[in-house]
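A short write-up of the structure that comes next.
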Amino acid sequence: MASITKSYEPRDVEKKWYAAWLEAGAFAGRVNPSREPYCIVIPPPNVTGVLTMGHVLNNTLQDILIRRARLEGKEALWIPGTDHAGIATQTVVERELRKEKKSRRDLGREKFLERVWSWREEKGGIILEQLRRLGASCDWNRTQFTMDPAYSRAVLGVFVDLYRKGHIYRGKRMVNWCPVSLTALSDEEVIMKPVKGLLYQVRYEVVGAPGTFIEVKTTRPETIPGDVAIAVHPEDPRYAGLVGRKVRRPLGPAAEIPIVADAAVDREFGSGALKITPAHDKVDFEIGLRHKLPVVDVLEADGTLNALAGPGLAGLDRFAGRKKAAELLKEGGALVKEEPYENNVGFSERADVPIEPRLTWQWWLRYPRVAEAVEAVREGHIRFHPERWSKVYLHWMENIQDWCISRQLWWGHRIPVWYREGLDREKLTEADVADPNKVHVSLDGPADPAGWVQEDDVLDTWASSWLWPFATLGWPDETRMKEAGYPYFYPTSTLVTGPDIIFFWVARMIMAGLEYTNPDESLAKRVPFRDVYFTGIIRDAQGRKMSKSLGNSPDPLDLIEKYGADGLRFGIVSIAPQGQDIRFQEDRIEGGKNFCNKLWNACRFRQMSGPMADNSSLPAILSRLEPPKFDADDHAILDRLFATTRAVDQAMAGFEFSAAVQALYGFFWNDFCDWYVEVSKARLQSPELRGNCLAIQDLVLRQTLLLLHPFTPFITEELWQLLGYGVAGKFLMRDVRLSDSSVLARTSSDHGIRLNGEAAAEVERLKGTVSQLRALKAAHGEAAKKDSVFVVDGADRQWGLVEDNLAKLKRMLGAAAITRGPLPPSAPACVTAHGSWALVREAKGDPAAERARLTKELETLAKHIAGTEARLANKAFTDKAPPAVIDGAKKQLADLHAKKAETERLLGGLA
RNA sequence: GGACCCUUAGCUCAGUUGGUUAGAGCGCUUCCUUGACAUGGAAGAGGUCACUGGUUCGAGUCCAGUAGGGUCCACCA
């Protein structure tokens, strides 16, 4: 067997095992009715994406779940893939074109799409490659892309189906228009941001009443040429006499526009009068509808002002137009005043520019299965973790609005609608659309394509990814579904994602999942996943979101180079508490690496401590244990091992990843390395005791590697093989079953192992004594001395325990001798659970310092005694507190008194 | 305007149903290269648990309110 090197070098180990796992097809998930299925679909990253810390966290957690499920004996399947990400990808390729001084229109639709596809061929696999570096155990043979032919058919098929069911319609409505991307956006793609600007107070002269004005306040004077009315509240006495009269529009082509009364107007704001520009504001549009007002659109699609804005403004960009409009108003005497103002403006998520409300024809979806989707979460068929996100979901579902699913882009699923050539699409009526001779909707298009023109728009990206949990399992093609194992793997098990896409993705997948399963089945069988785990958002050390523009996002691949994939995984999980945002700190990743090194060296120590024996299975190791030779430390470490297994079981069941990692860290580092391994060193010298002690180490290491493997897959696989836990040609990751706490306990019991429940407490007391005496040494400048001499004055019982553990104590204390006897006068001493101990020193001690130390100790004791006595003297406490608590307090008081008396005796001896 | 979250050691955070003297990692101080590991070991300093009230024998934990920070929804021009 290869010997273990002095420090862990992740690079080659990671490469070696990932290749071996791939080679063996160890990530494949197959239909296996003898096992419980466990399936995760990856949140498909954008093809344009490169790995971010968010991906690292998200995918590490998925890999942990998948690997743990495998170790638990489930048939685990993790389906990978990428999302075509309509706007994002198209923007990236257009930016590339711009460098060549070309636009997509120069190329034309077909050539442009070729270009995007070739870009995707070249760069689209990068992020998946990066996930492999992280150790992601996806079934790569199932990798899918939302624009794969089969996936696309699923997407378009759903459009046709929902259209036929009446869920999809074509409508001319106010949409969120992005003047840079030149497309409509859904409400979810608009981000409200406070913007500092100006509030302009403008006066409109009442027709037929020279010198009488109505004043309004607006942030957008450039839209005044689009004004078609002034609205006031119907019960506003200030304007009661003016409703029905007209005012002159102070900007743009001359016009007289009416004053109307509408309850939507807020009397409290400004003067209580509102200018109505139906083409450029949602509320105005609705008021316009109610009062049958015309729509005057003064903006082009790209946000420049058009001819209707009038000379002086036409041709200007909307922001330049705003300034110019203010100037023109001022010149005309209509600008009363301007004041600094901050208001919320909707921004395009992708292009980061203010959106324009714009009246356009779009395709809309009335969501299906809304009530069921609410019920699925409310009734717990889908569980959110942390649970509080379900409120956010339910609130959105209860106020759900129709979804604008068409995008004026080229990259995406082109909507499967064909119009009869020559039809004016701006003027199509509902009846026209319903007429198959005029508008054709089908998956394969009209039988005779001549004379038909396909819809230009494509579908919103999310209108493809909402099918992800079942379209990746071959839906809707029966044959492919069978091959992919749809009946076995659907519903999938857990979805791991960020709460920022609850609306975009999670909610929509739930509705799609319910729509495309048999409505006769129970909700539990139709939901797309059973649990949803929401990660926190990774922020930098200052708490800012990580972003490219801030440059505050470390490159995960650099971190892998520096700390190893396992170190990165362990570190990121350890700082990711459930549902809270995460402050990224590189030193935690370093901590992950250090932990790996600790694990590595503990195994190295095991290898150096004695010959390896049969480690090939849990029973094999258990048979090597010799319970009659167990000492308290053996009992205690096994007790802690079982408890840690239990803690990890529980944490994993509750998606408490960082709790699991912390339990493992504490157990392995403190209980095992710092104590058990150290006290073992004395026993390993004894041929009599060595075998049992090594077997216990093997048991602990084996179980630790198993529990740790989901978090740190590479190093655990390597050590597993190095220590001979595995059979040749088999993998820890695939061919081994993790014994959970109950299996571990039962199997141990079958091998005659009965743990002494008192041992753990005894070891804790021993640790306490060791710690006290080390402190005593350190206080007297002997911390590093290895041949200190101690004298113990204690009861027979106490001395008995010291004798039982003499070799250990000498090693742990750095003592050459520990003898029983009266304490030498003036020697530094302290009171422990194992009697009073004195440190024997050549040099004269400082009695004054000793006195001070012991006096301080007495003060602390007195304080605790007083507190405990007060509690016990309180009748209300003794009457009402549970007996166990009262007994505990009494016992504590007795201990404190004994310690106080002994300390006083030591103090007296100093004089 | 509505909803949710956070405030515990210098920093980042645990603290599950209320119960001894509130923990971890990092950082800091002192000592130690001893045969697994200096990516390490030992010892130590450091906290009126944001504030105010309440419930209780007992509150970091439960309730109400206040202050500060954050997130998400919402058509106030």
Side-chain angles (χ1 to χ4, degrees), chain A residues 4 6-8 174 192 199 216-220 231 264-266 268-270 273-277 281-286 341 343-344 346 357 386 388-389 391-392 395-396 399 499-500 502-503 537 539 541 543 563 567 574-575 577 579-585 587-588 590-591 593-609 650 654 656 658-659 662 665-666 670 673-674 677-678 681 770-771 774-779 781-786 811-812 814 860 863-864 867-868 871 874-882 884-886 888-889 891-893 895-896:
Chain A
I4 298 177
K6 188 167 168 161
S7 67
Y8 175 55
M174 293 300 278
M192 300 305 287
L199 187 62
V216 302
K217 286 190 175 183
T218 179
T219 54
R220 303 204 58 192
V265 177
D266 178 0
E268 308 300 319
F269 189 89
L274 175 63
K275 76 186 204 60
I276 302 301
T277 322
D281 186 278
K282 226 174 156 182
V283 174
D284 289 8
F285 179 71
E286 281 157 20
Y341 193 67
N343 66 333
N344 280 329
R388 65 187 157 87
W389 291 115
K391 279 188 201 149
V392 175
H395 182 257
W396 187 76
N399 297 283
D500 49 333
I502 289 183
F503 314 138
I537 291 165
R539 300 172 175 279
Y563 305 109
S574 75
I575 55 175
Q580 230 48 267
D581 282 359
I582 296 139
R583 298 259 178 137
F584 178 76
Q585 279 179 303
D587 57 19
R588 298 299 292 263
E590 191 179 355
K593 179 194 175 192
N594 295 349
F595 181 75
C596 289
N597 194 59
K598 190 75 179 174
L599 178 67
W600 184 260
N601 274 287
C603 292
R604 179 166 183 257
F605 174 75
R606 164 62 191 92
Q607 201 183 44
M608 291 165 67
S609 298
Q650 249 170 44
E656 294 172 321
S658 66
Q662 275 158 30
Y665 185 99
N670 304 129
C673 292
D674 289 348
V677 167
E678 289 306 318
K681 285 175 180 173
V770 166
S771 184
R774 282 169 170 170
L776 190 67
K777 283 180 66 170
E782 284 193 14
K785 202 162 179 284
K786 276 157 59 189
R811 170 169 277 276
M812 298 304 274
T860 312
K863 212 176 78 190
H864 293 147
T868 313
R871 273 205 313 154
N874 184 349
K875 191 164 180 309
F877 174 67
T878 48
D879 283 354
K880 294 185 180 173
V885 173
I886 296 167
K891 185 170 179 310
Q892 183 198 347
L893 187 60
D895 290 349
L896 287 168

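We use all heavy atoms of the structure for the numbers below, so side chains are in, but hydrogens, waters and symmetry mates are not. Lettering follows sequence order; numbering is per chain, from 1.
A distance-only check finds no donor-acceptor pair linking the side chain of A:N597 to the backbone of A:K593 [under 3.5 Å]. Put simply, the side chain of A:K777 gets close to the backbone of A:K785: a donor and an acceptor are under 3.5 Å apart. Under a 3.5 Å cut-off, the side chain of A:Q892 and the backbone N or O of A:T868 do not form any donor-acceptor pair. Under the 3.5 Å distance criterion, the side-chain polar atoms of A:R774 are left unmatched by any main-chain donor or acceptor of A:G814.
Ring-plane geometry between A:Y341 and A:F269 is classed as perpendicular, the angle between the planes exceeding 60 degrees on a 0 to 90 degree scale with a lower cut at 30.
In this model, a side-chain donor or acceptor of A:K598 finds a partner on the base of B:C37 within 3.5 Å.
Residue-to-nucleotide proximity on RNA chain B shows that, of A:V770 and A:E678, the 5′-proximal contact is made by A:E678.
Proximity of A:S771 to the phosphate of B:A43: a side-chain N or O atom is located under 4.0 Å from OP1 or OP2. A:K391 has no side-chain polar atom (N or O) that falls below the 4.0 Å cut-off from OP1 or OP2 of B:C72. At B:G58, none of the side-chain N or O atoms of A:N874 fall inside 4.0 Å of OP1 or OP2 (strictly under the cut-off). Under 4.0 angstrom from either OP1 or OP2 of B:U39 there lies no side-chain N or O belonging to A:Y563. OP1 or OP2 of B:A38 sits under 4.0 Å from a side-chain N or O of A:K6. Taking 4.0 angstrom as the limit, A:R604 places none of its side-chain polar atoms (N or O) nearer than this to OP1 or OP2 of B:A36.
In this entry B:C62 has B:G54 as its Watson-Crick or G-U wobble partner, both defining distances falling under 3.5 Å. Across all strands shown, B:G68 forms a Watson-Crick or G-U wobble pair with B:C6, both key distances being under 3.5 Å.
Regarding A:N399, its CG atom lies at a distance of 9 Å from the C1' atom of B:A74, rounded to whole Å. The nearest whole Å value for the distance from the CG atom in A:D674 to the P atom in B:C32 is 20 Å.
Here B:A77 is the nucleotide among B:A77, B:U12, B:U39 with the atom lying nearest to any side-chain atom of A:V265. Among B:A36, B:C31, B:C57, the nucleotide with an atom closest to any side-chain atom of A:C673 is B:A36.
Here A:Q892 lies in heavy-atom contact (under 4.0 Å) with a base.
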